[in-house]
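Have a look at the structure below, then the notes.
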Amino acid sequence: MLETKEIKTGIDIESVGTSYSIEEPADFHTNVDYSKYGETKRKLETRHISLMIIGQSIGVGLFVGVSSPLMTSGSLSLFLGFVIYAVFMIWVLMQCTGEMCSYLPIKGSFLHFAARFVDPALGFATTLIYLYTSCMFVCLEAVSVALVIKFWTDVNSGVFITICLVCYFFFNIYGVNWYGEIEFFSAMLKVLLIVGLMLFGLISMCGGNPKHDAYGFQNWKEGGLFRPYLKEGSLGNFLGWWNVFIFAALACGGPDLLAMVSGEIRNPRKNIALASKNAYIRIYLFYFGGIFFMNTLCSSTNPGLEDAIKKGQAGAAASPWVIGIRNVGVHGLDSLVNALIMSSGFSCGNAFFYGATRTAYSAGLAGYLPRFFCKCLKNGAPIYCVVFTSLISCFAYLSISNSTANVFNWFVNLSTTGILCTYICMWITYFKFRIALKAQGVDINSDSYPYFKVAKWLTPFTYFGFFINVMVLLCNGFWIFFPGQFTVANLFTSYFAPVLFVFLFIFWKIFKKTKYRSGLEADITSGKKEIDEEELLDIEYEENHPRKTGFWYNVWYKFSDFCFN
C-alpha cells in the first residue's frame with residue numbers, strides 16, 4: 001500500500017455538498033470548501049449532452065478540412081481512413097469512457113481518474129495537456145471562423161476572432177444550462193446541414209440535378225480510389241491512406257466531452273449510458289454518410305478543388321461539397337452552406353471553451369492550479385476559469401500578423417496531437433480501472449452489475465484502438481521527414497504536445513514524489529456513495545413527476561426519445 005496516508009474530514013470534489021470522512025493518499029489532495037468557492041451544477045439534460053458531443057465532433061474540418069486529404073489520398077483512402085479511425089478508435093473509446101463515468105460520474109472525471117487509478121503524476125500531465133489542447137482548439141475554431149468569413153469580406157480577421165471570443169466568454173458565464181441550450185440549437189443546425197448535404201448527394205447521383213446526369217459513383221473512380229502521396233507505387237498509396245488518419249484525428253471526437261459533462265448532467269448514470277450507446281449514430285451518419293456522399297459529388301482530381309487549394313481559398317469556396325454542387329449545375333447555395341459551416345466552427349469552438357473551463361476547474365480542485373480557480377458564481381460558472389481560458393485563447397490573434405491559413409495549420413497540428421495524448425491517457429486509465437475493479441472484488445461481468453459496461457466481445461478491440469491511437473500520435477509528422485517537406489515550424493507543431501506531456505509527467509513525478517497505484521490501491525470508491533444517494537433522489541423525483549399528457553406532449557416525447565434516447 002502507499003506509504004503515506006492520512007485521514008481527512010471535509011468535502012471531497014465528488015460530493016454533492018455533504019461532509020464525510022475519507023481516506024486518501026497524501027500525494028493527491030482533493031478537499032475544497034464549497035461554502036467558500038461554490039460549485040458547478042448538474043443542469044444538463046440528455047438532449048444537451050447528445051447534441052453537445054455532436055457539436056464538438058463536427059467542426060470546419062468535416063466540411064472544408066477534408067479538401068486536402070481528398071486531393072492527396074484519393075476517395076477510397078479518405079473513406080476507409082475515417083471509417084477505421086471512427087469505428088475502431090473513437091467509438092470504442094466512447095464505450096470505455098461511458099463505462100468509467102457511469103460507475104463514477106464525478107467532477108473532473110478522467111482527469112481525476114488518472115490520478116486516483118494510476119498515478120497523480122499522470123493526473124497532472126493529463127489535466128494540463130487537455131487544458132492546453134482545449135485552448136488550442138478554441139484558437140483553431142476562432143481562426144477557422146475568421147477564415148470562413150473571408151468568403152464574403154476582406155475585413156481584418158481580428159474583428160471576427162474578437163467577436164468569437166467575446167461570445168464564448170458570455171455564453172460560458174451564464175451557467176451550464178444556458179451553455180447547453182446554445183449548443184443544443186447550434187448542433188441541430190449542423191445536423192440539418194450534414195443531412196441536407198447527404199440527401200442532395202443521393203438525389204443528385206441518381207440524376208436529380210439540373211443536368212439530369214445520373215453519374216452514380218463516377219467521381220469515386222475518376223480521381224483514383226487510392227492516390228500516391230510523397231512516393232509512387234504501393235508505398236505512396238499506403239502513405240496517402242495513413243495521411244488520412246491525421247485529418248480524422250482532428251475531425252472525429254467526443255469521448256473527452258462525454259467525460260467532462262459527467263459531473264454536470266442530471267441522472268448521470270442513465271444519461272451517460274445513453275450517450276455512449278448512441279455514439280454509433282454519429283459514426284454512421286456523419287463519418288460514413290458524410291464522407292461517402294461527399295465523394296460522390298466531388299472527385300479527388302476536380303479542377304475546382306485543386307485550384308481552390310492552390311490559391312488558398314476560404315470557406316465554402318474550398319469545400320468539396322460546394323465544388324461538387326456547382327459541378328452539377330446548382331448555384332446560389334454557396335453563401336448558405338458557408339453560413340452553416342461558419343456556425344459549425346463557432347459551435348465547436350464553444351464546446352472546447354467549455355471543456356477548457358471545466359479542465360481548469362478540475363485542476364484547481366486537484367491542486368494543480370491555484371485554489372481560486374475553483375471559485376464559481378451562484379449559477380455554477382467557474383468565473384476565473386472562464387477568464388483564464390479567454391486570455392489563453394488570445395493566441396488566435398497570431399493570425400493577424402501572419403497568414404491566417406498558416407496559423408490555422410499550426411493550430412491544427414497543435415490541437416490534434418494534444419487530443420491524441422489525451423486519448424492515450426484515457427485508454428491507460430480505463431485499463432487500470434478494469435484491473436482495479438477485479439482486484440477489489442467488483443465483478444463487472446456479473447449480470448447483477450448495475451451500470452453501463454463495454455460489451456464483452458468488444459474488449460479485444462480496446463487494445464486495437466489504443467494501438468491505433470499511439471501509432472497515429474507517433475507517426476503524425478511522418479511527412480516532414482521527406483525531401484523538401486521539413487521546416488522547424490512543422491516539426492515543432494507536430495511533436496510539441498507529446499514532448500510537453502512527457503515533461504509534465506516527469507516533472508510532477510519528481511517534484512511531488514508520487515507513487516504508482518496498484519489495483520488494490522486505486523481509489524474507485526471516494527464519492528461513489530454520494531453519487532448513489534443522488535441517483536436514488538433522481539429516480540424518486542422522476543417517479544413522482546410523471547410526463548405530462550396531451551397530443552403535442554406525446555409528439556415531442558416520441559421525437560425526443562427517437563433522437564436522444
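Side-chain contact check for Leu369 versus Leu131: some heavy-atom pair is nearer than 4.5 Å. The shortest side-chain heavy-atom distance between Met94 and Pro255 falls under the 4.5 Å cut-off. Inter-residue side-chain proximity for Ile272 and Pro105 is flagged as met; some heavy-atom pair is nearer than 4.5 Å. Using a 4.5 Å cut-off on side-chain heavy atoms (C-beta onward), Leu250 and Leu140 make contact. Side-chain contact between Ser73 and Trp242 is absent, with no heavy-atom pair separated by less than 4.5 Å. Residues Phe110 and Met260 are in side-chain contact: their nearest non-hydrogen atoms beyond the backbone lie under 4.5 Å apart. Considering only heavy atoms from C-beta on, Leu225 stays 4.5 Å or farther from Ser77 through its side chain. The side-chain heavy atoms of Phe293 and Leu197, taken from C-beta on, include no pair separated by under 4.5 Å.
For the residue pair Ser526/Asp523, the side-chain donor-acceptor check at 3.5 Å is satisfied. Asn172 and Asn350 share a donor-acceptor pair across their side chains, judged by distance under 3.5 Å alone.
The main-chain N or O of Leu257 is never found under 3.5 Å from a side-chain atom of Arg358 such that the two would form a donor-acceptor pair. The closest donor-acceptor contact from the side chain of Arg269 to the backbone of Asn267 lies at 3.5 Å or more, if one exists at all. A donor-acceptor pair under 3.5 Å is absent between the side-chain atoms of Asn295 and the main chain of Trp220, judged by distance alone. Lys456 places no side-chain N or O within donor-acceptor distance of the main-chain N or O of Asn445, the cut-off being under 3.5 Å. With hydrogens and angles ignored, the 3.5 Å screen pairs no side-chain donor or acceptor of Glu533 with any backbone N or O of Glu530. With Arg227 contributing its side chain and Ser300 its backbone, the two residues share a donor-acceptor pair below 3.5 Å. Between the Tyr495 side chain and the Leu474 main chain, a donor and an acceptor come within less than 3.5 Å of each other. Side-chain N or O atoms of Ser415 include none that pairs as donor or acceptor with a backbone N or O of Phe137 at under 3.5 Å. Remark: side-chain polar atoms of Arg116 are not paired, donor with acceptor, to backbone N or O of Gly123 under 3.5 angstrom. In this structure, Thr422 contributes its side chain and Gly418 its backbone to a donor-acceptor pair below 3.5 Å.
For Phe217 and Phe292, the gap between ring centers is short of 6.0 Å. Aromatic rings of Tyr103 and Phe433 (six-membered ring for Trp) have centroids within the 6.0 Å cut-off, being under it. Taking the six-membered ring for Trp, Tyr368 and Trp508 have ring centres closer than 6.0 Å. Aromatic pair Trp91/Phe461: ring centres not closer than 6.0 Å. The aromatic ring centroids of Phe245 and Phe247 lie 6.0 Å or more from each other.
Here the straight-line distance linking atom CG of Asn490 with atom CG of Asn413 works out to 7.0 Å at 0.5 Å rounding. The distance from atom CH2 of Trp241 to atom CG of Leu78, rounded to the nearest 0.5 Å, is 13.0 Å. Note: Cys348 SG to Glu141 CD = 4.0 Å, rounded to the nearest 0.5 Å. For the atom pair Arg517 CZ and Ile524 CD1, the distance stands at 13.0 Å (nearest 0.5 Å). The CG atom of Asp443 sits 7.0 Å away from atom OG of Ser448, with the distance rounded to the nearest 0.5 Å. Rounding to the nearest 0.5 Å gives a distance of 10.5 Å between SG of Cys421 and CZ of Phe496.
Around OH of Tyr463, the count of heavy atoms belonging to other residues, nucleotides or ligands within 6.0 Å does not exceed 12.
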Practice problem: Kindly indicate, with the supporting measurements, whether the criterion side-chain contact (heavy atoms from CB on, under 4.5 Å) is fulfilled by Cys425 and Leu122. | Solution: CA-CA 8 Å; Cys425 296; Leu122 183 66; 4.1 Å; yes
Exercise. Carefully, step by step, assess Tyr449 and Tyr451 under the rule ring-ring contact (aromatic ring centres under 6.0 Å, His included).
Key: CA-CA 6 Å; Tyr449 183 79; Tyr451 314 124; 5.5 Å; yes
Quiz item: Can you list the steps and then say if Asp119 with Lys509 is a salt bridge (Lys or Arg N to Asp or Glu O under 4.0 Å)?
Solution: CA-CA 9 Å; Asp119 190 315; Lys509 190 75 176 172; 2.4 Å; yes
Exercise. For the pair Leu70 and Met294, evaluate side-chain contact (heavy atoms from CB on, under 4.5 Å) and give the outcome as yes or no after the intermediate values.
Key: CA-CA 10 Å; Leu70 173 61; Met294 187 197 71; 4.0 Å; yes
Self-check item: From CA spacing to verdict: side-chain contact (heavy atoms from CB on, under 4.5 Å), Leu414, Tyr132
Solution: CA-CA 9 Å; Leu414 290 169; Tyr132 146 84; 3.4 Å; yes
Quiz item: Could you walk me through whether Phe466 and Tyr423 pass the ring-ring contact (aromatic ring centres under 6.0 Å, His included) check?
Solution: CA-CA 8 Å; Phe466 175 68; Tyr423 288 162; over 10 Å; no
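A pairwise comparison of heavy atoms in Phe288 and Phe79 identifies O-CE1, 3.5 Å as the closest pair. The two atoms that bring Asn237 and Pro228 nearest to each other are OD1-N, 3.3 Å, heavy atoms only. Looking at every heavy atom in both residues, Phe113 comes nearest to Cys101 through CE1-SG, 4.1 Å. Residues Cys135 and Ala356 come closest through the heavy atom pair SG-CB, 4.1 Å. Among all heavy-atom pairs drawn from Ile90 and Cys252, the shortest one is CD1-O, 3.7 Å. The minimum heavy-atom distance between Leu111 and Ser362, with the atom names listed, is CD1-CB, 3.9 Å.
For residues 427-442, the pairs satisfying side chain to side chain donor-acceptor pair (under 3.5 Å) are Glu99-Tyr430, Glu99-Arg434, Trp427-Asn469, Tyr430-Arg434, Lys432-Tyr516, with sequence neighbours left out.
The side chain to side chain contact (heavy atoms under 4.5 Å, CB included) test applied to Leu235 returns Lys231, Leu239, not counting sequence neighbours. Partners of Phe467 under the ring pair (Phe, Tyr, Trp, His ring centres under 6.0 Å) rule, at least two apart in sequence or in another chain, do not exist in this structure.
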